[in-house]
Protein chains: 2
Amino acid sequence: MEKGPIKPVHRRQISTATIDRILSMISDGYWSPGECLPPQRDLAKSLGVGMSTLREALQSLQTMGVLEMRHGSGTFVSSQPFVEPYEKFIDVSVSLGGLDLEMLFEARGIIESGLAFHAVEHATEDQINELFDILQREWECIEAKDHECCHDLDLAFHRLIATMVNNKFLAQIDSTLFKALDQLFRVLPLTKEGWKLHYVVAEAIRDRDSFGASEAMRTLIESSAARYFPYMKVTSHKMEVQ
Amino acid sequence: MEKGPIKPVHRRQISTATIDRILSMISDGYWSPGECLPPQRDLAKSLGVGMSTLREALQSLQTMGVLEMRHGSGTFVSSQPFVEPYEKFIDVSVSLGGLDLEMLFEARGIIESGLAFHAVEHATEDQINELFDILQREWECIEAKDHECCHDLDLAFHRLIATMVNNKFLAQIDSTLFKALDQLFRVLPLTKEGWKLHYVVAEAIRDRDSFGASEAMRTLIESSAARYFPYMKVTSHKMEVQ
DNA sequence: ACTATAAAAGTGTTCTGAACACCTGATGAC
DNA sequence: GTCATCAGGTGTTCAGAACACTTTTATAGT
């Protein structure tokens, strides 16, 4: 794309205006993903703003996951945008009272059961085999009481199902929720009962049973939540796979 | 809370370290929601960083929705954290190729059908009456061909269901998705067929049928998506309410 | 000619100090 | 008592310099 002169910004809040300008320039294709922006000194000159102001904007855009600033190299448009902007401050939101744990568990239950539903139609044979392979290793870790390994496999189990659906948006949110809940209180080790629920989900996916997978996953998340909130009401409709 | 001396930060990336420090101070309750932070000049001094650096951190935190900077007044901890950080740059992510529309529709389908499922157990009689009231007005607007009004009622319909569940996290994401999809291509006007689907959802909620509500909502979103992507595969399992 | 080291250029990072803009509360005029 | 004005506090923007990291180029040794 040919590069004409960069139009300067003017508005009451120059910092915000600069963010919007850069955002729209990227949106319009002036800069492509992975491309390097001009040096900050030059860019500030071109935009007609001070360097501090420009940097405030760049920093915010980096927080959004749109830009990536590399010391000594340059400022790049993120080639893989939509990173985890949440992650960092979900726990802050919790502390501030904007969110509570049960809400996050509920959200995770909804998203994961939905993912399981859609995983049924997208899963390849290889992925299903991989799923059962994870299950196999989970069982071994449970018997060996290797909690660290259990935890990693648990994450792998959920991540694989999210991968099946191939929906970056939900996968990102789900991953963030998993990490947030994991961080807020170290997740309890996987039990044999939990493993059984994992197995039911895997079976339903293998048998191409959308509703079964969805329900099994809902039960799984709710039973997981119930370990932290014993008083929490569990929906627990019918666990019998159709 | 009593306030001891503020410990200075030290790390290679001072800007990032400052963000983390402030975030953890809020998380630890050093500053409460709605409270005013010290003047930037003083705070920079206390943290042992330059003012530009501090401002870069504050700006990022504002982007996250954690802080609110008011010109001439002060910098405040957001009393209602967890605002819409997504909204601003979802369209940028789309432009950069990180997200595509079908993915967003799929995400919305999953979240909304999950919300509908849970709405069944949380909905009050008043809310259900309100839902049918919206339905009534929708029908009138369709007959009058008042597209603007239809659009608003459509939004109200979905928003009310999200409200029933009382899950801010999902409600926020859902609302963001609605707006993003609405903005990316102005939503098509509500048809009588669409209204019928709305009605099925409302009936299922009234009858306290979780699965019916969930499935009806899935069908609704998918049929909505199908108007934009005729080639898109519609799951459309059984529409018959159990 | 090749490689390893050193220098230089390019770029992001941080700090200081100043001037400006906005909001708020105090002061004074009516 | 009410309103306008002013002064102080606070956020906003800018300019310039010094520093740190990375990449490229130049140099020296083999």
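Just so it is clear: chains get the letters A, B, ... in the order the sequence lines come, proteins before strands, and each one is counted from 1.
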- Message: Strictly distance-based, threshold 3.5 Å: is any side-chain N or O of B:Gln127 a donor or acceptor partner for the main-chain N or O of B:Thr124?
- Response: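 At least one qualifying donor-acceptor pair exists.
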Nucleotide nearest [X] (side chain, heavy atoms from C-beta), chosen from [options]:
X: B:Arg55; options: D:dT13, C:dA19, C:dT13; answer: D:dT13
X: B:Thr75; options: C:dG12, D:dG11, C:dT14; answer: D:dG11
X: B:Pro39; options: D:dA18, C:dT16, D:dT10; answer: D:dT10
X: B:Met69; options: C:dT13, D:dT12, D:dA15; answer: D:dT12
X: A:Glu56; options: C:dG12, D:dT13, D:dG11; answer: D:dT13
X: A:His71; options: D:dC14, C:dA19, D:dA20; answer: D:dA20

- Query: Between B:Met51 (CE) and D:dT12 (C1'), how many Å, whole number?
  - Reply: 8 Å
- Rounded interatomic separation in angstrom, taking CD1 from B:Ile14 and C1' from C:dT13: 8 Å
- Query: Counting only side-chain N and O atoms of B:Thr53, is one of them less than 4.0 Å from OP1 or OP2 of C:dC15?
  - Reply: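 So the side chain of B:Thr53 is within the cut-off, an N or O lying under 4.0 Å from OP1 or OP2 of C:dC15.
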- Would one find a side-chain N or O of A:Arg70 under 4.0 angstrom from OP1 or OP2 of D:dT22? no
- Query: In terms of the nearest nucleotide of DNA chain C, which residue is placed more toward the 5' end: B:Gly50 or B:Gly72?
  - Reply: B:Gly50
- Message: On DNA chain C, compare the nucleotides closest to B:Lys45 and B:Arg41; which residue's is nearer the 5' end?
- Response: B:Lys45
- Any B:Met164 side-chain heavy atom under 4.5 Å of B:Leu115 side chain: no
- Item | Heavy-atom pair with the smallest gap, counting every atom of A:Glu35 and A:Tyr30 | OE1-O, 4.2 Å
- Item | Residue closer to the 5' end of DNA chain D, B:Gly74 versus A:Ser73 (nearest nucleotide) | B:Gly74
- Should the pair A:Glu68-A:Arg70 be classified as a salt bridge under the 4.0 Å nitrogen-to-oxygen rule? yes
